[in-house]
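Okay, structure first, notes after.
Whatever order the structure lists ligands and atoms in, that order sets their numbers, starting from 1.
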Amino acid sequence: MNIKAPPGTFDIIPQDTHENWHDSYLWAHAESIFRELSRRFGYEEIRTPIFERAELFQRGVGESSDIVLKEMYTFEDKGKRLMALRPEGTAPVLRAFIEHHLHAQSTLHKLFYIAPMFRYERAQAGRYRQHHQFGAEAIGNDTPEQDVEMIDLACSVYKELGLENLKIQLNSIGDLESRTAFRVELKKFLHPSLNKLSEDSQRRYEINPLRILDSKDPGDQEILIGAPSILDFLDQASCARFKRVQALLDDLELNYEVNPRLVRGLDYYVETVFEITSGDLGAQNSIGGGGRYNGLLKKLGGPDLPCIGFATGIERIILTLLKQGIATPKPMGPTIFLIGLDQDAKKACFHILHKLRQKGISAQMDFSTRKLPKLMQYADSIGAQHVAVIGENELSSGMVDIKELSTGNIKKHELNALHEIFQKIQTRSVWT
Ligand code: HAM
């Protein structure tokens, strides 16, 4: 029997063309940008287990979210505890924050993660059962500036990656009181058309009617024409914050669109919410999203600190990158490729190879019995910068010709000093 990866999952593997979104070099490229931007914005890395007690997500993400209702991978472990594969990163970050008393260390905490998430969704292009997120959470600051810093971080990541044709959608869903009042009005508005709503929306009508607002169903969208707007229900403080957030975004020249229908699918959000969509992703066009979630830390048993965060799907980033034909840096081949022509030369090459690598130089040789022309072809195909062919003559003279493949230039060097010569050459990093 041929065992394949489970549906909705995939392998990330090295590929020669670097044009397939499964290519591990593309992933390493994106991840290096996440790390660099996190450093620039002052976010530190956090890693949490891929499984947690299911209760964390039931309480954290919310009983009425699709993630908890329909999509969690839960299992009972041998100790009869109900566990869940992590469907999202925010609740685990807060769990770890509380468990390690991080609040005692400083007043502001800025954390990032790059991690796989698991949701039992109907798999399709851009939607997977294991997907990966780069996410960031800022804990301890409640200012509009912090809201905008988070949006700026998201946009900076996309900009650095070269992505275009993205839209920031922005909304404020106010505090709990405003939302309760809005919920009543929205239900009143929808009630006469209840039977005409899609099955999903009918189910949401009782448990989370706000989610009907971002239904993609065309019939639902028609019914929603003329629906009340959450923005008319915000209290003075929420209105002032929302205005300030917009003014700060204007100041940074980050273009956005206010979308009063944007509510996001997780129950923990309050006040500022945002989503970034890509015009090149088809139906699954949300490339990243986030918002403020004051109150969640306290609900999970921690101190009452304000929080905001966002996460972006790495699959969707890479799909957009390829769709837009954005050139990504190609991985560099070895600085030198060694070819030994006979057994003695191969033995000497093996020793030199070790010495070069100890000095930090990327060096390779082929351990097979392939002949010189094939080995030269191979060195070229892996992008080797230099080749040294070593035989009887080189061993007896102690000198070897080093050929630079890009120019064809040849220079003679001392065999025993190769590591010193290449140490001078090797100053470039893998991604330059
Ligand atoms: P989310 O919107 O559920 O938010 O997911 C964030 C991003 O992950 C989405 O915009 C999308 O790019 C990607 N994504 C989600 N589900 C899938 C899937 N099945 N396949 C591929 N990509 C997917 C959260 O998870 C929140 N924890 C974000 C957050 C952090 N809010 C505050 N802090």
Between Arg35 and Glu31, is there a side-chain N and carboxylate O pair less than 4.0 Å apart? no
- Give a yes/no verdict on whether any heavy atom in Ser286 is under 4.0 Å from an atom of ligand 1. yes
Original post:
Does a side chain donor of either Thr320 or Tyr158 reach within less than 3.5 Å of an acceptor in the other side chain?
Top reply: no
for atom 13 (C) of ligand 1, nearest protein heavy atom and its distance come out as Gly313 CA, 3.6 Å
At under 4.0 Å between heavy atoms, what of Phe134 touches ligand 1? The answer is neither
| said: When you compare ligand 1 with Ala311, is there at least one nitrogen or oxygen pair between them that comes in under 3.5 angstrom? | reply: no
- Message: I want to know if ligand 1 touches Arg264 in the polar sense, i.e. an N/O pair below 3.5 angstrom.
- Response: yes
- Task: Using a strict 4.0 Å threshold on nitrogen-to-oxygen distance, state whether Arg127 and Glu315 make a salt bridge.
- Result: no
Salt bridge (Lys or Arg N to Asp or Glu O under 4.0 Å) with Lys110: of Glu44, Glu137, Glu149, only one passes, and it is Glu149
Inset, instruction - Before accepting this row, confirm whether a basic side-chain N of the pair Asp142/Arg241 lies closer than 4.0 Å to the acidic partner's carboxylate O. - result: yes
task = Can you establish whether the number of heavy atoms outside Lys167 located under 6.0 Å from its atom NZ is more than 12?
result = no
Out of Glu71, Gln130, Glu88, the nearest non-hydrogen contact to atom 27 (N) of ligand 1 is supplied by Glu88
task: Indicate whether any N or O donor in one side chain lies under 3.5 Å from an N or O acceptor in the other, for Tyr293 and Thr90.
output: no
- Query: Within less than 4.0 angstrom of ligand 1, does Pro87 place any heavy atom?
  - Reply: no
At under 4.0 Å between heavy atoms, what of Leu266 touches ligand 1? The answer is side chain
Of Arg119, Glu315, Glu275, the residue with the heavy atom nearest atom 3 (O) of ligand 1 is Arg119
Does ligand 1 come near enough to Gly290 that some N or O of the ligand is less than 3.5 Å from an N or O of the residue?
no
With heavy atoms and a 4.0 Å threshold, my read on which part of Glu137 contacts ligand 1 is side chain
Short version for Gln133: what comes under 4.0 Å of ligand 1, heavy atoms counted, is side chain
Looking only at protein heavy atoms, what sits closest to atom 20 (N) of ligand 1 is Tyr128 N, 3.0 Å
All heavy atoms of Ala91 vs all of Glu88, minimum pair found to be N-OE2, 2.7 Å
Out of His131, Gln284, Glu121, His132, the nearest non-hydrogen contact to atom 19 (N) of ligand 1 is supplied by Glu121
Q) Are the charged groups of Asp66 and Arg204 less than 4.0 angstrom apart, N to O? A) yes
request  = Kindly confirm or rule out a cation-pi arrangement of Arg129 over Tyr120, judged by NZ or CZ under 6.0 Å from the six-membered ring centre and within 45° of its axis?
outcome  = yes
Of Phe274, Tyr120, Tyr269, the one whose closest heavy atom lies nearest atom 29 (C) of ligand 1 is Tyr269
Does even one non-hydrogen atom of Gly265 get within less than 4.0 Å of ligand 1? no
for atom 26 (C) of ligand 1, nearest protein heavy atom and its distance come out as Tyr268 OH, 3.3 Å
